[in-house]
Visitor: 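Structure incoming, see below.
First the proteins, then the strands, lettered A, B, ... as listed; each starts at 1.
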Amino acid sequence: MNVMKQIFVIILLAAAALGCKKETPVGPDLLNIYGPFAIKDSLSVENINGVDFSANETVKFKGDWSNVTSWKITITGKSSGAVKTITGKTKTLDTLLSIWDGSSDCIFFRKEECNVQLSFSEHPNTMNCNIKINGVHDYYKDGILLKDFEGTTAPEFWGGNSNCKIDSTNKVPQGNKYFHMEGKEPGNAYWIGSFPPITAQQLFGTSTTHFPFNDKDTSTTYVNFFVRGYGYPDTYVNIQEKEDDNNDGITDTTEDSYSKRYLVTGTEWTKVSIPLSELTHDNAFGNHKKEISKITTIYIMLFSAGTARDKIGCDIDFFIITKGKPL
Amino acid sequence: MRRIPVIIALSSLTFLANAQSQKIQFNGTARGDIESSWLPKSDTSSLNQKIKGNALVDLIMDIKPSENIKIKTDLRFSNPMGGFWGQGAAIQLRHISLKGVASKFFKYRFGDIDLKMTPYTLFNNYGDLSTNESEIFRKTREINEEENYNFGNYWHQQGADLAFRLGFDKLIQSADFSGFVVRNRSVTNNVLPDRLHAGGNAQVNINEKSFIGFNYINLFDLPKTVNDTSVEKFQNSVMTANFNFDFKKLYVFGEGGFSNEQFVDKTKIKTIDITGNFFEVGLGKKLLKNDLSIEATFRRVSDDFYSAGAQTRRLNYATPQVLSLVANNSYTRDAGIFDIVKDASIYNPTITPQLMQYSLLFNHVTPYGKATPNRTGFDLEVAYKDSAERYASNLSTQLLQDTRGEGTTQLRNYALINWNGTLAFDKIYSLKKTLSLNAGIQYAKSQRDGQSLIKDVDLATQAIDAGAVIELIPRFDLLLGTKLIFAKGTEYVDVRNDYNQITGFTQTTINGTQMLHAVSLRYRFTDNVIFSIQGSTFQYKDKADSEKDYTINQIYMLFNMKF
């Protein structure tokens, strides 16, 4: 019995000795998550002389703090009012997350001074700095431009009323001008106004009858534009494409037509990106097979819901088709 | 559960009834219950009342087609309340198993089988706050556990097992061998493969009470059940050795072993390979003619010890079934003591390798039983029960510590103290009618110094049970019971990925109480036939935000018969 007790005590002591072995902690460091919050390195930018996005330069932000926490960088153009928001959850800005390539959340930046603010959702601290944009990103290179309204004369617009015009009075998404279109819906008209058809031949030369799209990219080819409403109900921007089903180089009324109506609701500029896969067949003809490689013509129209309205209208700017991703 | 046509079942019953003899024996349970739960008028939640009820018969047939084979089936006929003329009625085959002895040597079982090994390999730990329960709550919990085939610490699974024994004349008395394989998961959506759980045990019996054993269990995927080229495979295996040496009044026991968790991805690379270990050693002594037993153990379970069969929880705290939206529709409540006592759907039938969520209020010290990872320390248990069953008392004290810091080098210290006692006044004073009291308390605490850099861990919970059974007139009883929880403090709850690795922590601060009070009138037609009506009220109070407080009231009628 005594021998057994001794053996038991030895086992216990051995167990205790093994149990005392120190090991590194498991899991993330609690100090990084719940420790006291302190700023180690204030917000700053590496580009002290400004940034030229047209030369593909980028802005790298710097800053360090004690804990892994959610942060937000808000960049605001002082003259354009454009905004870019970058968010993350780290303890430093020295990451790929916090690099700015000149893109914006909505309307584009210009050559201007920008305010940069760093804030934290779980802490009251904020920090500010400035960055100067010396050159802007060339968005024309991002896709196929349909309309930008930067010309010296007003573009031709069918229908609408006399208030359809080029304007620049109230924030411009891209360049210096946008277009205001409006009209009256007498009831059951639906079509209020539109620009003349935009054809592949106009954009790429008379020998090119089709837009340079691939059918397999239907869901990743986007029509992008900016739109701002005035609170007029039933205001739609209608995007329509017509296809050359029989490949004879021309599109007629017996061939496919697809469209998408976008309801304008916001009274601030909104950037809209519609994949061509969302356009639906809108006539009784054609082969009913969406073939974006055979698009010959694109229409941009002002539409209504058919209910009589005194005014249907909105502002629009920068129609561009991009491939692979939205604008 | 399998549904079969009514006509076939009834025809079978008729046939069997005609053929009833010693080869076929019937027993079972008949039960009818109605439950009405409601929120008080002051709570404007849109769904403020729930009524449900059921009438059912479980017909258990034990069929003995030959001397060495037994077949057991459990056929349930049920009809929910309000389903007149069979609407909503169901016939379910709840259990079917076949067992027998082959060649007078091999014992085998097929079908629905109950399995158990050791607390570190395959063990269905009791539900939270069940050890100190008064009879008024225990009876309801027993019905819910029977509904879910939770008997003792066994897991109810589907598969097969085999066992045999070798006898010896010298050195050892005998050697027992057993093995099993059950299906844990079927192929799902042609993406998740079949998963089996298999294991075995070899035990060398030195004498009737002393043995040395070896245990192995493995939860593993069969990738080829998805398609011929699939190689993704998860595996969790545990291997242990255990012993028990009995020296008349004194016994020494222990177990130690290793676990391994692996995952092989689509490119055949082993992306996860985690090995853990544990050991436990203890000493026990029986005194006072075995009425008093004392056990002291020391155990160490590493932070990376994963054992699906031992760590899977009996209760799964999903959204409660009864009146889940409370406090004027402001939020969906968590499961409370009301649900763990009364809700049969809260029981978890499936062994899972992912450490399940647990409630900080009920037991945050050993939420996965003895196999809870990252624990080391001592356990002392003293149990007394007199042979005349007049009084009984159990005291268990666990003083534990983390084996490894979580997010910090500091280790948590834990205390889990459990006491319960029963006094049978009728037996003490030779009364003709039943009069007994029971009480129990559980105290659970965790503590860790934050070193003034982060908030200290200082969570303490007390769970109090008390109850009485008073026989007013012969066979007519009054049952009283109360269950209270007080919780206050801060803890950091682990956030784990699918392989149980800690990826983060959620700081949680609690300050609240839960109270469940119940009174019941019960008539015992016989020891196996009872009718009872129970009223209960459950109150939840959040001291940090009184707008989260709510109350649930319930009336519950039950007729239960075993035959």
Visitor: Might you confirm whether atom CE of B/M239 has over 12 heavy atoms from other residues, nucleotides or ligands at distances under 6.0 Å?
Guide: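 Atom CE in B/M239 is not crowded, with 12 or fewer foreign heavy atoms closer than 6.0 Å.
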Visitor: Pick whichever of A/D29, A/I33, A/N32, A/V68 has the most heavy-atom pairs under 4.5 Å with chain B.
Guide: A/D29
Visitor: Quick check on B/K488: does its NZ atom have over 12 non-hydrogen neighbours (other residues, nucleotides or ligands) under 6.0 Å away?
Guide: no
Visitor: Heavy-atom count check: over 12 atoms from other residues, nucleotides or ligands less than 6.0 Å from A/E122 CD?
Guide: yes
Visitor: To the nearest 0.5 Å, what is the distance between CG (A/L31) and CD (B/Q451)?
Guide: 8.5 Å
Visitor: First locate atom CZ of B/R404, then atom OG1 of A/T24, and finally report the distance between them rounded to the nearest 0.5 Å.
Guide: 4.5 Å
Visitor: Keeping A/Y34 on the side-chain end and B/F505 on the backbone end, is there a donor-acceptor pair under 3.5 Å?
Guide: yes
Visitor: Counting only non-hydrogen atoms closer than 4.5 Å, does B/T408 touch chain A with its backbone (N, CA, C, O), its side chain (CB onward), both, or neither?
Guide: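 Interface part for B/T408: both.
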Visitor: Under the criterion side-chain contact (heavy atoms from CB on, under 4.5 Å), I'd like the reasoning laid out for B/R448 against A/L30: C-alpha separation, chi angles, the key distance, then a yes or no.
Guide: CA-CA 13 Å; B/R448 183 178 68 197; A/L30 274 169; 3.1 Å; yes
Visitor: Assess whether atom CZ of B/F258 is packed by more than 12 heavy atoms of other residues, nucleotides or ligands within 6.0 Å.
Guide: no
Visitor: Ignoring hydrogens, what is the shortest heavy-atom contact between B/G407 and A/P25? Give both atom names and the distance.
Guide: N-CB, 4.1 Å
Visitor: Hey, which of B/I502, B/T503, B/L453 has the most heavy atom pairs under 4.5 Å with chain A?
Guide: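 Top count of heavy-atom pairs under 4.5 Å with chain A: B/L453.
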Visitor: Looking at B/Q357, I'd like to know if its CD atom is crowded, meaning that more than 12 non-hydrogen atoms belonging to other residues, nucleotides or ligands lie closer than 6.0 Å.
Guide: no
Visitor: Kindly state each residue pair satisfying salt bridge (Lys or Arg N to Asp or Glu O under 4.0 Å) with at least one member in residues 93-102 of chain A, sequence neighbours excluded.
Guide: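 For residues 93-102 of chain A, and leaving out neighbouring residues, the salt bridge (Lys or Arg N to Asp or Glu O under 4.0 Å) pairs sorted by first residue read A/K60-A/D94.
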